[in-house]
2 protein chains.
Amino acid sequence: MSIAEPLPRYAEIRRALEEKILSGEWPPGHRVPSEHDLVAQFGCSRMTVNKAISALAAAGLVVRRRRSGSFVAAPKSQETVLEVHDIKAEITGSGRAYRYVILDRERRRARPEDLARLGAARGPLDVEALTVLHFADERPFVHERRLINLAVVPAAAREAFAASPPGTWLLEQIPWTEAEHIIRAENAGADVAHHLAIARGAACLVVVRRTFQAGATITAVTLTYPGERHQLVARFSPATR
Amino acid sequence: MSIAEPLPRYAEIRRALEEKILSGEWPPGHRVPSEHDLVAQFGCSRMTVNKAISALAAAGLVVRRRRSGSFVAAPKSQETVLEVHDIKAEITGSGRAYRYVILDRERRRARPEDLARLGAARGPLDVEALTVLHFADERPFVHERRLINLAVVPAAAREAFAASPPGTWLLEQIPWTEAEHIIRAENAGADVAHHLAIARGAACLVVVRRTFQAGATITAVTLTYPGERHQLVARFSPATR
DNA sequence: CCGTTATTATTGTCTATACATAATCAGCCT
DNA sequence: AGGCTGATTATGTATAGACAATAATAACGG
């Protein structure tokens, strides 16, 4: 049982509208009463009503158009909030011992496939290419292949990554403004299988993440998790977004 | 180049604060100036400043505490908006021919493993268990195993699923209020491999989705995609959340 | 020194009002 | 009919002020 807390007025109004929408009483395309009407109905000021509807608009439940009014939005594709943790934080956060090893490191002029991975169309570019293996309680946890754009993060060339792995270090160095994830399944190749101590051909969850700042790609990383031991969890409720 | 549009005042203030946070000038834990101070600094009313900071709080960039002030939030786990489309819409939306086959169907009293899949702890429950295969351009696209809670959707027992597959039908029937996804990689078993026309042991992307309404589980579905032919894409930018 | 109480700073919510902006509508002129 | 114009309507943004809720801090009394 939930406690009957005194909801703020705007939340109350929001709930009331949300209920109509989620219950299907107001189908997509249905016009929500105007702010003026709701003011009369709920006996409060327009600002309060506005706050309620604006919140619904921000949550994507309604679309607002000047002069026309507010309308129940078409059912969107299901969106879900996917949490992708920093690996070091993910492991230490669950009380396991964390360790990492840099398997390979090379500074080079970006090759065509590097440019493709970074999603950068243009020109000559220097990158730092790293291969890292992360352990949780001394068991291989994830295999990481990373490219760092040295045009954006020149300091990466001088960093030894002794204290923190590249991903964690980068997070501390520069904040990202945009990220893109691609998630797929792959059979483990010989090399990855060896490092992760799994059978060749075992299913792996592959997460490719590109991180951007002001349009420029900061880094592109391919994380390969043993499929049997890892899963991503995502949760979503449109009402509380 | 972006056009120099006249930003509303509150957005301007929001940007200014955001810039301090994202640039690292204000590290996590740093105290944001009080609304009163910002009013003086920006020469606007407190409501305007409040709107700006409240938006940042809603985006998770700051945490607000009465009397104490507003503080830059600890760097969250990276959250990403994952779009999971309705399968029928996903296929037809990309111009491919869509078809589905119901491989198996059974109405039964929920077994212990069914209850576990639904995440329902309590009692006797009737479920509709379906196995569906979806095709895109006559090629197997995804294998679906679904349980429908008949206590919530009794109509599912009388539905033939002739016009729409169960997932699409359910979306039309009852709106969900919460969803949970689990994503992992698995090697294809004999049965799934056969239906998807892939090699046994091939890596598959498995998405398990549970959908709730007001606490009760509506449906639990396990979608198995051929790993080589499917991937999930997710994009995120904190500034525009 | 400790516990209680009063003060105060800060955010949370709300009102009433105002003007701006955009889109629609009706009417008018050509 | 076609197009221009102005009125209307609904939302977008902003202001100034008010009171409530909360928690940190200071003042006080034992």
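In what follows, chains carry the letters A, B, and so on, assigned in the order in which the sequence lines appear, proteins first and then strands, with residues in each chain numbered from 1. FYI, side chains are in, hydrogens and waters are out, and symmetry mates aren't considered; it's all heavy atoms of this structure.
Taking atom CZ on A/R31 and atom C1' on D/dT11, their separation rounds to 11 Å, with Å as the unit. Protein atom NE2 of B/H36 is 10 Å distant from nucleotide atom C1' of C/dA9, rounded to whole Å. The separation between A/K51 atom NZ and C/dT15 atom P is 11 Å, rounded to whole Å. Note: CG (B/L56) to P (C/dT11) measures 13 Å, nearest angstrom. Taking atom CZ of residue B/R9 and atom C1' of nucleotide D/dA14, one finds them 11 Å apart after rounding to whole Å. For the pair A/R64 CZ and C/dA22 C1', the interatomic distance rounds to 14 Å; values are reported in whole Å. A/D37 has its CG atom 13 Å from the C1' atom of D/dT11, to the nearest Å.
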Protein-nucleic acid N or O pairs under 3.5 Å, nucleotides 3-8 of chain D:
residue, atom, partner, partner atom, Å
D/dT8, O2, A/R67, NH1, 3.2

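Legend: ring-ring contact (aromatic ring centres under 6.0 Å, His included) pairs involving residues 42-61 of chain A, not counting sequence neighbours: none detected.
Side-chain N/O atoms of A/R31 and A/S70 include no donor and acceptor closer than 3.5 Å. Side-chain atoms of A/T219 and A/R146 include a donor-acceptor pair closer than 3.5 Å.
Comparing A/S70 and B/A11 by the nucleotide of DNA chain D whose heavy atom lies nearest to each, the residue mapping closer to the 5' end is A/S70. For the pair B/N50 and A/R65, nearest-nucleotide mapping onto DNA chain C gives the more 5' position to B/N50.
Here B/Y10 reaches the OP1 or OP2 of D/dT13: one of its side-chain N or O atoms lies under 4.0 Å away. Contact check, A/S68 against C/dA23: no side-chain N or O comes under 4.0 Å of OP1 or OP2.
The side chain of B/E35 has C/dG12 as its nearest neighbour among D/dA14, C/dG12, D/dG12.
For the pair B/T217 (side chain) and B/L118 (backbone), a donor-acceptor distance under 3.5 Å is present. Side chain of A/D137 to backbone of A/R139: no donor-acceptor contact under 3.5 angstrom is found.
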Would you tabulate the side-chain donor-acceptor contacts of residues 51-60 of chain A under 3.5 Å, counting partners in other chains and residues two or more places apart, or write 'none'?
residue, atom, partner, partner atom, Å
A/S54, OG, A/N50, O, 2.8
A/S54, OG, A/N50, OD1, 3.1
A/S54, OG, A/R64, NH1, 3.4

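Taking every heavy atom of residues 38-48 of chain B and every atom of DNA chain C, pairs under 4.0 Å involve B/R46, B/M47, by number.
Note: B/H134 and B/Y98 have parallel aromatic rings, judged against thresholds of 30 and 60 degrees for the angle between ring planes.
Annotation: salt bridge (Lys or Arg N to Asp or Glu O under 4.0 Å) contacts of B/R46 (sequence neighbours excluded): B/E35. Residues satisfying the salt bridge (Lys or Arg N to Asp or Glu O under 4.0 Å) criterion with A/E12, sequence neighbours excluded, are A/R9.
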